[in-house]
Amino acid sequence: QVQLVESGGGLVQAGESLRLSCAASGSIDRLNTMGWYRQAPGKQRELVARIFQSGNANYADSVRGRFSISRDNAKYTVYLQMNNLKSEDTAVYYCSANWALYWGQGTQVTVSS
């Protein structure tokens, strides 16, 4: 089993930045691909960004150029740097591991316009 704990969410104004962190514990030797998803009220959960063990990453079109995903394998932590936040980025953000096999509990990000 892998446990994931997110942190770093909060309330910000449009144009500001936030950095989310996701710390993994448990059977961390099994970690491979990690990602961030989000779910806004009344909407389906969607992929925001994904990072592979190689460090390569891909992004949703809506966040490309504003968000950056990274990982620190020594700390078993993945980050999501979110810049130039928009009101439409408001959602609960979830960390996932191993192609969404494992999930964190989520952290709320609210962007006021």
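Hydrogens, waters and symmetry mates are skipped; everything else that's a heavy atom, side chains included, is used.
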Query raised in the report: Leu80 and Ala49: which non-hydrogen atoms are nearest, and at how many Å?
Result: CD1-CB, 4.3 Å

Report task. Quick one: which residue pairs count as a disulfide bond (SG atoms under 2.5 Å apart) with a foot in residues 6-105, not counting sequence neighbours? Result -> Cys22-Cys95

Query raised in the report: When rounded to the nearest 0.5 angstrom, what distance separates CH2 in Trp36 from CZ in Phe67?
Result: 11.0 Å

Query raised in the report: Please walk me through it: do Val78 and Ile51 pass side-chain contact (heavy atoms from CB on, under 4.5 Å)?
Result: CA-CA 9 Å; Val78 64; Ile51 186 166; 4.0 Å; yes

Query raised in the report: Counting only heavy atoms not in Tyr94, do more than 12 fall under 6.0 Å of its OH?
Result: yes

Query raised in the report: Is there any salt bridge (Lys or Arg N to Asp or Glu O under 4.0 Å) pair reaching into residues 95-113, and which pairs are they, with sequence neighbours excluded?
Result: none

Report task. May I ask you to test the Arg50-Met34 pair for a side-chain heavy-atom distance under 4.5 Å? Result -> no

Query raised in the report: Between Tyr79 and Arg19, is there a cation-pi geometry (under 6.0 Å to ring centre, at most 45° from the normal)?
Result: yes

Query raised in the report: Got a sec, which residues hit salt bridge (Lys or Arg N to Asp or Glu O under 4.0 Å) with Arg66, two or more places apart in sequence or on another chain?
Result: Asp89

**Report entry** salt bridge (Lys or Arg N to Asp or Glu O under 4.0 Å) partners for Arg45, two or more places apart
**Finding:** none

Query - Intermediate values then yes/no, side-chain contact (heavy atoms from CB on, under 4.5 Å), Ile69 and Met82 - result: CA-CA 9 Å; Ile69 189 171; Met82 306 185 293; over 6 Å; no

Query - Listed partners of Ser87 passing side-chain hydrogen bond (donor to acceptor under 3.5 Å, both in side chains), at least two apart - result: none

Report summary line: Hits for side chain to side chain contact (heavy atoms under 4.5 Å, CB included) against Ser25, two or more places apart or cross-chain, chain-then-number order -> Gln3

**Report entry** Spatial distance of atom CG (Leu4) from atom OH (Tyr102) [nearest 0.5 Å]
**Finding:** 9.5 Å

Query raised in the report: So which residues get pulled into Val5's cluster when ILVMFWY side chains under 4.5 Å apart are joined, directly or through others?
Result: none

Query raised in the report: Can you list every salt bridge (Lys or Arg N to Asp or Glu O under 4.0 Å) pair that touches residues 92-103, not counting sequence neighbours?
Result: none

Report task. Tell me, with the steps shown, if Arg71 and Tyr76 meet side-chain contact (heavy atoms from CB on, under 4.5 Å). Result -> CA-CA 8 Å; Arg71 63 192 292 168; Tyr76 309 108; over 6 Å; no

Requested in this report: Please report the C-alpha distance between Tyr59 and Val48 in whole Å, then the side-chain angles of each, then the deciding distance to 0.1 Å, and finally whether the side-chain contact (heavy atoms from CB on, under 4.5 Å) criterion is met.
Outcome: CA-CA 6 Å; Tyr59 298 90; Val48 175; 5.9 Å; no

Going by atom type alone, with no hydrogens or angles, which donor-acceptor pairs under 3.5 Å involve a side-chain atom of residues 106-113 and a protein atom two or more places apart or on another chain?
| unit_1 | atom_1 | unit_2 | atom_2 | d |
| --- | --- | --- | --- | --- |
| Thr107 | OG1 | Gly9 | N | 3.3 |
| Gln108 | NE2 | Ala91 | O | 3.4 |
| Gln108 | NE2 | Thr110 | OG1 | 3.3 |
| Ser112 | OG | Val12 | O | 3.4 |

Query raised in the report: Quick one: side-chain hydrogen bond (donor to acceptor under 3.5 Å, both in side chains) partners of Asn32, sequence neighbours excluded?
Result: none

Requested in this report: Please list, chain by chain and in numerical order, all residues satisfying side-chain hydrogen bond (donor to acceptor under 3.5 Å, both in side chains) with Glu88, sequence neighbours excluded.
Outcome: none

Query raised in the report: Would a distance-only check, ignoring hydrogens and angles, find a side-chain to backbone donor-acceptor pair under 3.5 Å from Asn98 to Leu101?
Result: no

Query raised in the report: Which atom pair, heavy atoms only, marks the closest approach of Tyr37 to Ala100?
Result: OH-CB, 4.1 Å

**Report entry** Qualifying side-chain hydrogen bond (donor to acceptor under 3.5 Å, both in side chains) pairs, either residue in residues 4-18, two or more places apart
**Finding:** Glu6-Gln105, Ser17-Asn83

